[in-house]
Peer 1: 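My structure is below; once you've seen it, I'll send some questions.
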Amino acid sequence: MLRLITCHNATMLLEQQADLPLGRGQRASLWLHLRYCPYCSRYAKQTVLIAEWARASASARASSGMVLSDAAKQRMRERLAAAE
């Protein structure tokens, strides 16, 4: 059965799914919530972007010892703002 969830529960599920797979009911409830809540939908998009950047940054640092340039940081800020 599909259950309506709060924004608090939605953000908790978004964080949980980064580490563990969600159950079918949890996925469905989260999907429904994200369809109707622009704030949680934005949070979900931003969370994905931040996770991708963190992985890319860690990989780049491990292989080259490089640090993000100011231009790269600005591009990240712009993409986060665009995800709003």
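Note that the structure is predicted; figures quoted are calculated from it, not measured. Just so you know, these numbers use all the heavy atoms, side chains as well, and skip hydrogens, waters and symmetry mates.
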Peer 1: With sequence neighbours excluded, what pairs up with Ala28 under the side-chain contact (heavy atoms from CB on, under 4.5 Å) test?
Peer 2: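 Checked Ala28 against side-chain contact (heavy atoms from CB on, under 4.5 Å); matches are Leu2.
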Peer 1: Who pairs with Arg55 by side-chain contact (heavy atoms from CB on, under 4.5 Å), at least two apart in sequence or on another chain?
Peer 2: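 side-chain contact (heavy atoms from CB on, under 4.5 Å) check on Arg55 returns Ala51, Glu52.
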Peer 1: Test of understanding: with side-chain contact (heavy atoms from CB on, under 4.5 Å), list the residues that count as partners of Cys37, not counting sequence neighbours.
Peer 2: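 Result, side-chain contact (heavy atoms from CB on, under 4.5 Å) vs Cys37: Cys7, His33, Tyr39, Cys40.
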Peer 1: Would a 4.5 Å heavy-atom cut-off, applied to side chains only, mark Tyr36 and Leu4 as touching?
Peer 2: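 No, too far: nothing below the 4.5 Å cut-off.
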Peer 1: Other than Leu22, what residues sit in its cluster of Ile, Leu, Val, Met, Phe, Trp and Tyr side chains whose heavy atoms are under 4.5 Å apart, directly or through others?
Peer 2: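 Leu22 shares its hydrophobic cluster with Ile5, Leu13, Leu14, Leu30, Leu34, Tyr43.
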Peer 1: For Glu78, which residues count as a side chain to side chain donor-acceptor pair (under 3.5 Å) partner, sequence neighbours excluded?
Peer 2: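 Once residues adjacent in sequence are excluded, the partners of Glu78 under the side chain to side chain donor-acceptor pair (under 3.5 Å) criterion are Gln74.
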Peer 1: For Arg24, I'd like to know if atom CZ has over 12 heavy atoms of other residues, nucleotides or ligands within 6.0 Å.
Peer 2: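 Open.
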Peer 1: Check whether any side-chain heavy atom of Thr47 lies under 4.5 Å from a side-chain heavy atom of Glu15, and answer yes or no.
Peer 2: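 Side-chain contact under 4.5 Å: yes.
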Peer 1: For Met12, check side-chain contact (heavy atoms from CB on, under 4.5 Å) against everything at least two apart and list the hits.
Peer 2: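 In terms of side-chain contact (heavy atoms from CB on, under 4.5 Å), with neighbours along the sequence ignored, Met12 is linked to His8.
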